[in-house]
*Asks:* 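Sharing a structure, written as structure tokens. Questions coming.
Throughout, protein chains are lettered first and strands after them, A, B, ... in sequence-line order, and every chain is numbered starting at 1.
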Amino acid sequence: MKLKPEISDKEMITVNGVSKTYLGGKFTAVDNVSLDIIEGEIVAFVGPSGCGKTTVMRMVAGLETPTTGDILVNGHEVQGPGPDRGMIFQAYTSFPWLTSRQNVEYGMKILGIPAAERRERGQKLLEEVHLGPAADKYPSELSGGMKQRVAIARTLAQNPEVLLMDEPFGALDAQVRWEMQEMMVQIMDVEKKTVILVTHDIQEAIYLADRIVFYTRTPGRIKHDVYLDFKKGQRFTSKEDLLSQSGYLEVEKQMFAWMREEIQLQAT
Amino acid sequence: MSDTSIQSAAEASNRVRRKPKKLQLLTTLSGRQTMILGLIGMGAFFGLWEIAHLMTAEEAKRFLPSPISVVQALTALIQEKNFMADVGISAYRIFGSFFIACVIAVPLGILMGCFAPIRALINPVISGARYLPAASFIPLLLVWFGPTDSQKMALLILGVVFFLIALILDNTEAVATELVEAAQTMGASRWEIMVNVVGRAASPAIVDSMRNMIAVAYTYLVIAEIVAAQDGIGAVMMRAGRFLKVDVIMAGILAIGIMGVLTDIVFRAAAYYAFPWNRKRQG
Ligand SMILES: Nc1ncnc2c1ncn2[C@@H]1O[C@H](COP(=O)(O)OP(=O)(O)O)[C@@H](O)[C@H]1O
Ligand SMILES: [Mg+2]
């Protein structure tokens, strides 16, 4: 099935000439990155390992402050982390002392949402991520993919404007990753978020994203910023549908060529 | 290569497999097996003790009484000398002082683990204080408190509190950064994160630290009750020592051992029921 993403023309995330240095300025991780992300877009950050993708995302999340430049989310300058920007980490962050349901309700509790409403929205989200039967289990009783779904539902429960996902499926095996990717497409059709997805999996980026921002190796700069025009503004609920689109292979080849350029630069 | 060589290789590996080694890495035992092995170990200990007693020359036997006579001495103490009152007093000193030590160490350890400036401020003092032998405080505490319960409890507190703070600091620092960051991105306050994320995440490890440190508190009990004490298990043992009643001394040791084992069991059970989410997955 093909889905039409709802993309407005409102700027949701603006990254203005952002750089980030570590070690007292001796090491530049991110160098002068500028980006505008439109409300409803799914943007993938792709690039070689250690190029600064996570750093840019963490600065949008407010977990890291830019050394220079600034970041606006929905018109407000990012000053620190906040529930308007939900983040999903590669490491499992579902709280082990809470059941799936309690985890999903936790974020809403922080926001002061009344118990009855928490319960109702929590149940809806648990079902959206196919965790209905595991609602009252602890994370230690769940598989990696299920733990990650708990984290996704917990983040969505806060109804953030922006969803930041840092290699969310990186620790999962190929089959589970594929299931999660297809699930994400369906969820995004319901929840309609502006998404940044950090990944080094080129296929994942092409499948999930409307647009790909490709970074150079350290120091991270934007190498290419491309819309996936071959998708004709659609998202696909099955990966086979994507693969049968004409133009898919060209894009994938292009991404691999860019990746090779960056990796070979590193070797010399 | 002929078939026979393959067969013989298979046979050889069968031969190896037919005799499973008793001590394999990474195996687990059933509760029943664990209990049986534990009982065998204890039986062996008392057996060796009994043998040592039998082999001791007759005139020296009173210096190494048999396990049974130690148990008899213990029952006699309980029935004739109101020993349970002394046990009660010792228990009060241990648990009372340990409770106070926890009231100090848990919040402080968590605060230090969460906030670098607090850690930097307090850690040098705590780390240094751990190297001071608690017993060296006895003269000071006697001057301050006199030969009172407070003096003994202060000693027990001094003996464990610095280690407890250091352990709880470690437990807190071991909490995954991602859990804290996830809570921050959800908009949780610092207090909320400290109590309901870091505190909750570290709680099983903290209870473990407490369980280990109360064992250390027991080791200070006798030191606390040897000096200027009229009551408590340590005082009873000191008095028996003056009359060379080795069976009574050993009965005191046995009583402390039993209390220690019971305390350990209580802590383990409490952790099991308090943290159902942390139970090891049963195979
Ligand atoms: N806190 C830090 N201190 C020093 N260097 C860091 C720190 N965080 C990240 N880096 C460095 O910055 C670079 C970019 O890291 P990161 O954003 O995690 O890369 P990516 O997510 O693209 O793999 C890496 O070389 C990494 O080692
Ligand atoms: Mg990364």
*Asks:* Do you know which two heavy atoms are closest between B/Thr185 and A/Leu63, and how far apart they sit?
*Replies:*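 Closest pair (atom of B/Thr185, atom of A/Leu63, distance): CG2-CD1, 4.0 Å.
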*Asks:* Flag the pair A/Arg58 / B/Glu181 as yes when at least one side-chain heavy-atom distance between them is below 4.5 Å, and no otherwise.
*Replies:*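 Yes, side chains in contact.
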*Asks:* Quick check for you: among B/Ala182, B/Ala183, B/Ser203, B/Pro204, which has the greatest number of heavy-atom pairs under 4.5 Å with chain A?
*Replies:*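 Among B/Ala182, B/Ala183, B/Ser203, B/Pro204, the one with the most close pairs to chain A is B/Ala182.
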*Asks:* Evaluate whether atom OH of B/Tyr92 has more than 12 neighbouring non-hydrogen atoms of other residues, nucleotides or ligands under 6.0 angstrom away.
*Replies:*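 Open.
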*Asks:* Is the CZ atom of B/Arg130 crowded by more than 12 outside heavy atoms at less than 6.0 Å?
*Replies:*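 Yes, CZ of B/Arg130 has more than 12 neighbouring heavy atoms, counting only those of other groups under 6.0 Å.
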*Asks:* Taking all non-hydrogen atoms of both residues, which atom of A/Pro83 and which atom of B/Gly187 are closest, and how far apart?
*Replies:*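 So the two residues come closest at CD-CA, 3.8 Å.
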*Asks:* If you tally heavy-atom pairs under 4.5 Å against chain B, which of A/Gly80, A/Ser94, A/Gly82 wins?
*Replies:*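 Option with the top pair count is A/Gly82.
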*Asks:* Please indicate whether B/Phe95 has more than 12 foreign heavy atoms, meaning atoms of other residues, nucleotides or ligands, lying under 6.0 Å from its CZ.
*Replies:*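 Atom CZ in B/Phe95 is crowded, with more than 12 foreign heavy atoms closer than 6.0 Å.
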*Asks:* At what distance, to the nearest 0.5 angstrom, does OG1 of A/Thr99 lie from CH2 of B/Trp277?
*Replies:*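 The distance works out to 13.0 Å.
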*Asks:* Among B/Gln184, B/Arg200, B/Glu178, which residue forms the greatest number of heavy-atom pairs with chain A at distances under 4.5 Å?
*Replies:*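 Sorted descending by pairs with chain A, the first entry is B/Arg200.
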*Asks:* Any idea which heavy atoms bring B/Met186 and A/Gln158 closest together, and the distance?
*Replies:*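 It is O-NE2, 2.8 Å.
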*Asks:* Which atoms of B/Ala176 come close to chain A, meaning under 4.5 Å heavy atom to heavy atom: side chain ones, backbone ones, both, or neither?
*Replies:*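 Contact with chain A: none, neither part.
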*Asks:* With a 4.5 Å limit on heavy-atom distance, are the side chains of B/Glu192 and A/Ile110 in contact?
*Replies:*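 Contact flag for B/Glu192/A/Ile110 side chains = yes.
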*Asks:* Heavy-atom distance under 4.5 Å between the side chains of A/Trp97 and B/Val197, does that happen here?
*Replies:*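 Counting from C-beta outward, A/Trp97 and B/Val197 do come under 4.5 Å.
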